[in-house]
Amino acid sequence: MKPLIVAATNGEIAPSINFLTQMDIPYLITGVGMVATAYQLGKALQDTRPDYVLNIGIAGAFSNTIPLGTVIQTKTDQLSELGAENDDIFLPIEELGFGKSVFHSTSPPQLSVQLPSYHGITVNTVHGNPISIDQLKERLPLVATESMEGAAVFFVCQEERVPCLQVRAISNYVEKRDRSAWDITLAIENLNLWLQEFLK
Ligand SMILES: O=C(O)c1cccc(C(=O)CC[C@H]2O[C@@H](n3cnc4c(=O)[nH]cnc43)[C@H](O)[C@@H]2O)c1
């Protein structure tokens, strides 16, 4: 099966670029965030029809029960900011009647990903404020991980009818911002070890 590997930044996929080139597996670097990702992936899927899209990257975890460096699969991903505020109540897009905010991975039947699965959110603003983090946890208690692209990838693949998986490695906890506590190196190393083993 021919995948298209999608990552937001060169740094997240750099350790696998030689491997992907040797294996003749195409990859796409979209840039960070939902807008860049939707544009770049939507454009790419006009020219190429992969058997499935594999979105890889690093992510934040809402609980320290998931150790840094853990490679996980995001099975469902939610546009948690898409909606309206009604004073101190958040109204999701579903309640406004303008669409949906939750998207699912759609694995091709031939593929099996043996990773712990979680529910993620996709945000434009990385959480770094304890008050907004507590509010988010109260509103969406099942959310485990956060990225800036995942739900956009699921959305584009849904619209283009291309199966889609999302695999991320945890680089940090979603907490009061402390960049010194992030372990991006470990997350990228584990993510790329998993990727190359999976694609072999
Ligand atoms: O600083 C570096 O060396 C470096 C190398 C590669 C990638 C990065 C990034 O910052 C990637 C941005 C990417 O990370 C995702 N991400 C990671 N943690 C979170 C989070 O807590 N909340 C939301 N997104 C997160 C995100 O998908 C970004 O696209 C740095």
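We count residues from 1, following the sequence as given. Both ligands and their constituent atoms are indexed starting at 1 by order of listing.
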Contact (N/O only, under 3.5 Å) between N172 and ligand 1: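 Between N172 and ligand 1 (N or O atoms, distance only) the closest approach is under 3.5 Å.
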
Given E175, M148, R179, identify the one with the heavy atom nearest to atom 10 (O) of ligand 1.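 Among E175, M148, R179, the closest heavy atom to atom 10 (O) of ligand 1 belongs to R179.
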
Taking all heavy atoms of A151 and all of T122, pick out the closest pair and write down the distance.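 Scanning both residues, the minimum pair turns out to be N-OG1, 2.8 Å.
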
Considering non-hydrogen atoms only, spot the tightest contact between F154 and K75 and give its length.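 Smallest interatomic distance, heavy atoms only, reads CE1-O, 4.0 Å.
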
For the backbone of G33 and the side chain of E149, can you confirm whether one donor and one acceptor N or O come within less than 3.5 Å of each other?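 Looks like yes, one N/O pair under 3.5 Å.
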
Quick one: which ligand 1 atoms are inside 4.0 Å of a heavy atom on [X]?
{"X": "V126", "result": "20 (C), 21 (O), 22 (N), 23 (C)"}
{"X": "I184", "result": "1 (O), 2 (C), 4 (C), 5 (C), 30 (C)"}
{"X": "G60", "result": "18 (N), 19 (C), 20 (C), 21 (O)"}
{"X": "V32", "result": "29 (O)"}
{"X": "T9", "result": "6 (C), 7 (C)"}
{"X": "S171", "result": "17 (C), 18 (N)"}

Is there a heavy atom of [X] sitting under 4.0 angstrom from any atom of ligand 1?
{"X": "R168", "value": "yes"}
{"X": "W182", "value": "yes"}
{"X": "I188", "value": "yes"}

Could you tell me whether the side chain of K176 reaches within less than 4.5 Å of the side chain of I133, counting heavy atoms only?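 I133 does not reach K176 side chain to side chain.
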
If you draw a 6.0 Å radius around CD in Q46, do more than 12 non-hydrogen atoms from other residues or ligands fall strictly inside?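 More than 12 heavy atoms, drawn from other residues, nucleotides or ligands, come within 6.0 Å of this atom.
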
ILVMFWY network linking [X] to [Y], side-chain heavy atoms under 4.5 angstrom:
{"X": "F198", "Y": "L193", "result": "no"}
{"X": "L195", "Y": "L191", "result": "yes"}
{"X": "L142", "Y": "I170", "result": "no"}
{"X": "W194", "Y": "F19", "result": "yes"}

Considering only the protein, which heavy-atom contact is closest to [atom], and what is its distance?
{"atom": "atom 27 (O) of ligand 1", "result": "E149 OE1, 2.6 Å"}
{"atom": "atom 13 (C) of ligand 1", "result": "E12 OE2, 3.9 Å"}
{"atom": "atom 25 (C) of ligand 1", "result": "E146 O, 3.8 Å"}

Please check if any side-chain donor atom of R168 sits under 3.5 Å from a side-chain acceptor atom of N55, or the reverse.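 R168 vs N55: donor-acceptor pair found between side chains.
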
Consider side-chain contact (heavy atoms from CB on, under 4.5 Å). Of I17, D24, I25, which one does T21 pass it with?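 With T21 as partner, side-chain contact (heavy atoms from CB on, under 4.5 Å) holds for just one option, I17.
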
Could you see which bit of [X] sits under 4.0 Å from ligand 1, with heavy atoms only: side chain, backbone, both or neither?
{"X": "A8", "value": "side chain"}
{"X": "A59", "value": "backbone"}
{"X": "I58", "value": "both"}

